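Contents: one structure, followed by commentary.
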There are 2 protein chains.
Amino acid sequence: MRKITIGEAARQSGVKVPTIRYYEDIGLLAKPSRSEGNQRSYEPAHLKRLAFIRHARELGFEIEAIRTLLHLQDDPHQSCASADAIAKARLIEVEQRIRSLKALKAELEQMVESCCHGRVDQCRVIEVLADHGKCLHPRH
Amino acid sequence: MRKITIGEAARQSGVKVPTIRYYEDIGLLAKPSRSEGNQRSYEPAHLKRLAFIRHARELGFEIEAIRTLLHLQDDPHQSCASADAIAKARLIEVEQRIRSLKALKAELEQMVESCCHGRVDQCRVIEVLADHGKCLHPRH
DNA sequence: CCTACATCCTCTAGCGACTAGAGGTGCAAG
DNA sequence: CTTGCACCTCTAGTCGCTAGAGGATGTAGG
């Protein structure tokens, strides 16, 4: 049998040991069997699950979304419309976030460029922060 | 005198009432005087401060960075190098975040496009999540 | 067999930046 | 005078972990 310890599972999956225990606590990862000395003993199925979770987290999916995706994966006869919807929602979020970060970037660039490199009372950085009206775009 | 209640300060600054109290708790906003009935009573200086804080939060500065920026603002003879450094650091963060979100966006687009719109067992969305190797870029 | 040491166990508390709710008081209009 | 909103304090919850205490287990070398 190819059972491994939590430390080894962490190494192979790239998910930290306390995080693996946390995922078990919140019911995202099935409880593994235990060794005689009460140590967790993981099987390949757990590792697959961890890889899935890690990948989804890297893509910014929330835990609850991942829970749904895992349920979908477990029931392969279901329509994948829900998975599609979750991914699309995430895509829209990411697109919005990029747009708003780009606006921020422009604002910050302007702030930094116009910094007087002198004393605070002439500093554009502080000034712009104090007065939203001095921004490039009134809404960001 | 132009003293206002916390509710009015919230309306004028766009910062929610509990958040204003929270800023007071953590020492970001000076304690206002109180009315006879123990209600907070804000002056224009508080509103300016709140506007500054709100604007900085919108630009994604952390509370501790804002604390530093506020200290700088209070001492206008200081060099603005620190303010400059804080803004530059934030700019770099934002640029990195944009880059990584763009990579995510590409990944998600591919996932969504290749969704079979059928059953889960043929679904690319689930499949890609389960297998990082199917990503556009091995590192995202 | 003993010792050292890494790794494991459970449990609680902390992070940042709020947000929600309970239970009570103040205040202004009808 | 009562209704009803806005205010007060306090505690606890959110998300997704992370850190640390205090103890048990497992393994490698002597």
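Residue numbering restarts at 1 for every chain, and letters A, B, ... go by the order of the sequence lines. Hydrogens, waters and symmetry mates are skipped; everything else that's a heavy atom, side chains included, is used. No experiment lies behind these values; they were computed from the predicted model shown.
- Salt-bridge annotation for A:Glu64 and A:Arg67: present, with a side-chain N of the basic residue lying under 4.0 Å from a carboxylate O of the acidic one.
- With rounding to whole Å, B:Ile6 atom CD1 is found 11 Å from D:dA6 atom C1'.
- Between the CG atom of A:Leu28 and the C1' atom of D:dC17 there is a distance of 13 Å, given to the nearest Å.
- Across all strands shown, B:Arg57 has heavy atoms under 4.0 Å from sugar-phosphate atoms exclusively, and none from any base.
- For D:dT9, one of the phosphate oxygens OP1 or OP2 lies less than 4.0 angstrom from a side-chain nitrogen or oxygen of B:Arg34.
- Pairs of residues two or more places apart, or lying in two chains, that qualify as salt bridge (Lys or Arg N to Asp or Glu O under 4.0 Å) and include a residue from residues 93-104 of chain B are B:Arg90-B:Glu93.
- One interatomic measurement links the two molecules: CG of A:Asp25 to P of D:dA19, which rounds to 17 Å at whole-angstrom precision.
- In this structure, CD of A:Glu8 is placed 15 Å from C1' of D:dT27, rounded to the nearest angstrom.
- Counting only heavy atoms from C-beta outward, the side chains of A:Thr68 and A:His71 never approach each other to under 4.5 Å.
- Contacts between chain A and DNA chain C, taken as any atom within less than 4.0 angstrom of a protein heavy atom, begin and end at C:dC8 to C:dT10.
- Between the two ends of the helix from C:dC1-D:dG30 to C:dG30-D:dC1, each summarised by a five-pair axis, the helix axis turns through 10° (rounded to 10 degrees).
- Regarding contacts with the backbone of D:dA6, every side-chain N or O of B:Thr5 stays at 4.0 angstrom or more from both OP1 and OP2.
- Relative to the side chain of A:Glu62, the nucleotides D:dG26, D:dG16, D:dT18 differ in distance, and D:dG16 lies closest.
- Between B:Gly7 and A:Ile63, the residue anchored closer to the 5' end of DNA chain D is B:Gly7, taking for each the nucleotide with the nearest heavy atom.
- Salt-bridge annotation for B:Lys48 and A:Asp131: absent, with no side-chain N of the basic residue lying under 4.0 Å from a carboxylate O of the acidic one.
- Among the atoms of the strands shown, none is found under 4.0 Å from any heavy atom of B:Glu36.
- In this structure, B:Arg11 reaches neither bases nor backbone, as no heavy-atom distance under 4.0 Å exists between it and the strands shown.
- A sub-4.0 Å separation between OP1 or OP2 of D:dC7 and a side-chain N or O of B:Arg40 is absent.
- Donor-acceptor pairing under 3.5 Å is recorded for the side chains of B:Lys3 and B:Ser33.
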